[in-house]
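Working notes, beginning with the structure itself.
Here is the naming used below: chain letters follow the sequence lines, and residue numbers restart at 1 for every chain. These figures come from a predicted structure and were not determined experimentally.
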There are 4 protein chains.
Amino acid sequence: MARPLSDEKRSALLDAAIDLFSENGIDATPTAAISKAAGVAEGSLFTYFRSKDGLVNALYLELKAELAQVLMQGLPRQGSIAKKLEHLWNRHLAWCTGSPKKLRTLERLLLSNRLDDTSRAQGAEPFRELDDAVQRAVDDGTLRDLSLPYLHQVFQAMVTATLQMIASDPARAASYRREGFEMLWNAVRR
Amino acid sequence: MARPLSDEKRSALLDAAIDLFSENGIDATPTAAISKAAGVAEGSLFTYFRSKDGLVNALYLELKAELAQVLMQGLPRQGSIAKKLEHLWNRHLAWCTGSPKKLRTLERLLLSNRLDDTSRAQGAEPFRELDDAVQRAVDDGTLRDLSLPYLHQVFQAMVTATLQMIASDPARAASYRREGFEMLWNAVRR
Amino acid sequence: MARPLSDEKRSALLDAAIDLFSENGIDATPTAAISKAAGVAEGSLFTYFRSKDGLVNALYLELKAELAQVLMQGLPRQGSIAKKLEHLWNRHLAWCTGSPKKLRTLERLLLSNRLDDTSRAQGAEPFRELDDAVQRAVDDGTLRDLSLPYLHQVFQAMVTATLQMIASDPARAASYRREGFEMLWNAVRR
Amino acid sequence: MARPLSDEKRSALLDAAIDLFSENGIDATPTAAISKAAGVAEGSLFTYFRSKDGLVNALYLELKAELAQVLMQGLPRQGSIAKKLEHLWNRHLAWCTGSPKKLRTLERLLLSNRLDDTSRAQGAEPFRELDDAVQRAVDDGTLRDLSLPYLHQVFQAMVTATLQMIASDPARAASYRREGFEMLWNAVRR
DNA sequence: CATGAATGAGTCTTCATTCAT
DNA sequence: TATGAATGAAGACTCATTCAT
């Protein structure tokens with residue numbers, strides 16, 4: 001998809017949106033505030049995105065893609081499932097801890113009624129490969145006999161729980177990370 | 001003298017809010033829609049609640065109190081910690097499954113920026129007794145050496161994960177419930 | 001006009017209205033605020049006055065009548081026109097200085113669009129006798145050949161001017177009062 | 001770039017406000033009525049003025065500035081104090097007579113609770129030079145030994161009184177103007 | 001393309017008045 | 001009569017989106 005427009009401005013708008021969405025919520029953030037924070041004219045937002053919802057969906061895709069990329073990077077494809085899970089666990093926590101605003105925004109996006117089905121599907125896309133990697137591990141009996149989505153949910157759930165703890169006591173982040181993974185592993189291994 | 005404030009109308013307003021909030025989100029639900037759905041005049045909402053935020057906070061308190069009450073009911077105070085946790089697990093899932101709109105609303109409430117500190121504190125209040133019950137179990141070494149909040153988070157997270165599964169495949173609800181608890185228990189027991 | 005209702009409550013309402021009107025203005029004062037300040041129920045205001053405008057007009061009449069009475073009291077009917085004017089001058093200033101809230105309210109009433117013609121006429125009524133007294137003095141050549149209304153206006157205007165000064169420097173009230181009358185007298189005498 | 005803020009629209013809004021404020025009062029004039037009368041969209045009022053109060057204060061400043069300018073224009077700076085006062089007198093009456101709506105609006109503005117201190121101060125600013133001119137005349141003994149504010153008040157008072165007369169009998173305007181000035185002069189000269 | 005003024009539907013909240021108790 | 005809850009029509013202001021410049 002050719003993008004004849006300035007990538008810089010597009011990014012500035014998305015970054016501004018992350019800032020404001022994470023802080024005030026999506027509905028409570030006027031498009032004008034986003035434009036202003038991005039240093040562009042009010043109207044320009046609409047040359048980069050069809051509408052506010054357009055921006056919202058684009059932002060969702062962007063964040064999901066970034067997260068997927070972070071998770072895949074350095075994935076020990078040959079390692080044991082435990083190693084793989086631990087990699088994902090650490091990466092995931094690292095991203096969330098390092099980009100709390102993006103995380104918060106992602107949560108808000110998920111709960112908003114603004115994501116269309118296409119976006120949800122497209123957002124899951126980059127995780128496909130990852131899922132496959134995990135599925136094989138389930139099949140070989142190392143893990144409990146869980147459906148992939150359930151595993152996903154549990155993983156996600158433990159991440160969220162651990163994140164909350166890290167947020168409330170950042171000094172003990174490493175300890176939470178280790179303990180959290182142990183719990184996860186105990187939960188899902190056969 | 002004069003007409004007394006009607007508990008019925010107050011409830012109707014809160015119920016209508018649950019309906020609409022769960023469906024459309026808080027910000028996207030006009031107060032007029034709530035009044036209408038509750039069958040009262042637009043202005044009446046404001047005789048029962050100071051403002052939209054007033055209603056939102058009241059609703060939060062209401063839901064938290066209801067949940068706490070459901071969880072406490074029939075809690076096997078003499079039983080083992082496993083029994084206690086299982087009771088909480090089943091009750092929690094039951095409430096969420098039985099009142100999906102309330103659950104959704106609670107999630108939205110939590111992510112909204114409308115809850116004031118007082119409400120958050122007051123909302124946690126009814127869980128105090130429950131927390132104590134669990135704390136003792138942690139102390140006697142049955143469980144991992146987790147801080148109470150962490151345990152809370154993990155419990156909550158696993159509930160959420162399991163709920164998602166139940167939502168996507170209600171027929172297997174019982175199976176998810178059992179498997180979920182096993183995972184939780186494996187995760188938190190020493 | 002028989003008034004079967006409690007005069008006390010009626011007065012309380014009018015007094016409360018004076019307080020609030022003088023402070024916030026007429027339009028900016030809700031009837032509920034008046035009732036509350038008067039210590040009666042919201043609805044009671046409407047058993048004592050047909051409507052908010054009804055109260056407003058009644059208040060106007062009340063204040064005009066009170067002012068007229070104050071001015072007439074002790075009027076030296078046999079004295080020279082100068083004596084008479086001075087009496088009115090002093091009385092008028094005294095009333096305004098002593099009841100600044102009533103004065104302010106009267107000003108606001110006059111500028112509001114809520115006084116009906118009947119009230120305006122009725123409010124002028126108590127001054128009729130006073131006017132006659134003055135008219136005779138004009139006729140005998142002591143004063144400039146002014147129409148009575150003009151004299152009225154000038155008198156009123158000078159009162160207002162002097163009042164402002166007294167308000168801004170109460171310590172010198174007596175001095176302003178004397179000087180003001182001198183100016184008035186110089187202006188209107190032949 | 002883009003459409004520049006149009007002075008025409010701003011003026012149209014202020015003019016419409018004068019019309020409606022003078023007729024109905026400030027509180028009783030909805031912003032929507034002003035926009036409509038000015039021929040712009042409801043929302044546009046708020047691109048020209050922060051709020052209704054913003055418009056109100058701007059209007060006050062505008063009127064005060066206009067009045068000051070009218071009074072200064074052609075002021076006989078070398079003439080006697082009597083000449084100066086007469087010039088101000090005539091100009092003042094002329095402006096008030098010629099712009100009765102502006103006058104009425106100014107009165108309402110003054111009695112409203114919407115003018116902030118900044119505006120009141122700023123509104124007095126353009127009269128500073130004029131005040132100085134008069135002060136010197138007081139100092140040289142031509143006038144009574146009045147404080148400047150008092151002189152101001154008396155002048156204003158006589159204007160108001162005379163204006164009322166002119167309003168009630170426009171045919172005799174010139175006669176009122178002359179007679180009024182004589183009275184003023186008699187009042188304030190030594 | 002960039003800009004930001006223009007638009008007007010939509011939102012929360014207030015308030016005079018009525019009326020059930 | 002006293003009370004104050006109920007009513008719903010305004011009213012000030014916001015905001016996504018358009019479009020003149």
[atom1] of [X] versus [atom2] of [N]: gap in Å, rounded?
X     : N      : atom1 : atom2 : value
C/I26 : E/dA16 : CD1   : P     : 12 Å
A/L20 : F/dC15 : CG    : C1'   : 15 Å
B/L45 : F/dG8  : CG    : P     : 14 Å
A/R10 : E/dA2  : CZ    : C1'   : 18 Å
C/F49 : F/dA2  : CZ    : P     : 13 Å
C/I34 : E/dA16 : CD1   : C1'   : 11 Å
A/K52 : E/dG10 : NZ    : C1'   : 14 Å
C/E42 : E/dC15 : CD    : C1'   : 9 Å

Residue-phosphate contact under 4.0 Å: [X] side-chain N/O, [N] OP1/OP2:
X     : N      : answer
C/T47 : F/dT1  : no
D/K36 : E/dG8  : no
D/K9  : E/dA6  : yes
C/T31 : E/dC15 : no
C/Y48 : F/dA2  : yes
B/S44 : F/dT7  : yes

More than 12 heavy atoms from other groups under 6.0 Å of CZ on D/R120: yes
Intra- and interstrand pairs of DNA chain E - dot-bracket, Watson-Crick/G-U under 3.5 Å, | marks other strand: .||||||||||||||||||||
Polar contact flag, side-chain donor to acceptor under 3.5 angstrom, B/R108-A/N113: yes
Nearest-nucleotide comparison on DNA chain E, the residue closer to the 5′ end among C/A28 and B/A28: B/A28
Residue whose nearest DNA chain E nucleotide is more 5′ - C/D27 or B/A32: B/A32
Touch class at under 4.0 angstrom, heavy-atom based, for B/S51 against every strand present: sugar-phosphate
Sugar-phosphate only, base, or nothing, as touched by D/T29 at under 4.0 Å among non-hydrogen atoms: sugar-phosphate
CA sep, side-chain torsions, deciding dist, call: D/L59, D/F49, side-chain contact (heavy atoms from CB on, under 4.5 Å): CA-CA 10 Å; D/L59 181 53; D/F49 305 96; over 6 Å; no
Donor-acceptor contact present, side-chain A/K64 to main-chain A/S119, <3.5 Å: no
May I ask you to test the [X]-[Y] pair for a side-chain heavy-atom distance under 4.5 Å?
X     : Y      : value
C/I18 : C/L63  : yes
B/D27 : B/R114 : yes
A/I34 : A/F21  : yes

C/G43 or A/D53, whichever maps to the more 5' nucleotide of DNA chain F: C/G43
Partner of D/K102 under salt bridge (Lys or Arg N to Asp or Glu O under 4.0 Å), chosen from D/E66, D/E62, D/E107: D/E66
